[in-house]
Amino acid sequence: MRLIIGIGGASGALYGIRLLEVLRDAPEVETHLVMSKTARMNVGLETDWPLAEVEAIADVVHKNTDIAASVASGSFRTDGMIVAACSMKNLAGIVHGLADDLLTRAADVVLKERRRLVLMPRETPLHLGHCEAMAAACRLGAIVAPPMPALYARPASIDAMVTQTAVRVLDLFDLDLGLAERWIGAAQGTVRDAG
């Protein structure tokens, strides 16, 4: 499996980093990383991760300015793309086909090739334009998956919430890496199942 991980300019770069971390331990998945300029800034503002270490956990790193990169072409086979976190600017660019950088071009390619595109917009509150852009993304075939914590899993930390969200997004690609806190029903006497 080959997945593109786009880290867009919204707050929440940690979601993209966590996806790369968990996928690093899945040898059957090849990751291609594309980070926007603002994402690169947010990594430094929001996390303790040096950019070089973020890039080191991806199998392949592409510059956002490299429109000639492999992921810019539909003939380069991938299983899809996740944009985590997706800024409203990224979302608008994807929805309107404004492929003026590699992140939006790769997402455009994924859509046109009818591959799975998961967008994780990280903004609140939302105005009507944001909502309409998300609806348009859905009409184009993207899956809009805002990062929202699963509180039934009783997360003990931000790390646990981010991991749970990453697991749920990977479920959309039928990837189960055994990291999930899954609901099994209150009647069973527990709400967790690690497997």
What is the distance from atom [atom1] of [X] to atom [atom2] of [Y], rounded to the nearest 0.5 Å?
X: Leu91; Y: His96; atom1: CG; atom2: NE2; answer: 8.0 Å
X: Asp108; Y: Leu140; atom1: CG; atom2: CG; answer: 9.0 Å
X: Lys89; Y: Glu123; atom1: NZ; atom2: CD; answer: 14.0 Å
X: Lys37; Y: Leu103; atom1: NZ; atom2: CG; answer: 15.0 Å
X: Leu20; Y: Asp25; atom1: CG; atom2: CG; answer: 11.5 Å

Is there a chain of hydrophobic side chains (I, L, V, M, F, W, Y, each step under 4.5 Å between heavy atoms) that links [X] to [Y]?
X: Leu172; Y: Met148; value: no
X: Val109; Y: Met81; value: no
X: Ile82; Y: Trp49; value: yes

For residues Thr38 and Ser36, is any side-chain donor paired with an opposing acceptor at under 3.5 Å?
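No donor-acceptor contact under 3.5 Å links the two side chains.
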Is it true that a side-chain atom of Asp79 and a backbone atom of Leu3 form a donor plus acceptor pair closer than 3.5 Å?
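No; judged by distance alone, with no hydrogens or angles, the pair does not exist.
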Kindly say whether Asp59 contributes a backbone atom to a donor-acceptor pair with the side chain of Thr31 at under 3.5 angstrom?
yes
Residue that, paired with Val118, satisfies side chain to side chain contact (heavy atoms under 4.5 Å, CB included) out of Leu19, Ile143, Val83, Val110
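The option that passes is Ile143.
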Between His62 and His32, what is the ring plane arrangement, given parallel below 30°, perpendicular above 60°, and tilted in between?
parallel
To check you understand the geometry: which heavy-atom pair defines the closest contact between Ala142 and Leu119, and what is its length?
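The pair with the smallest heavy-atom distance is CB-CD1, 4.1 Å.
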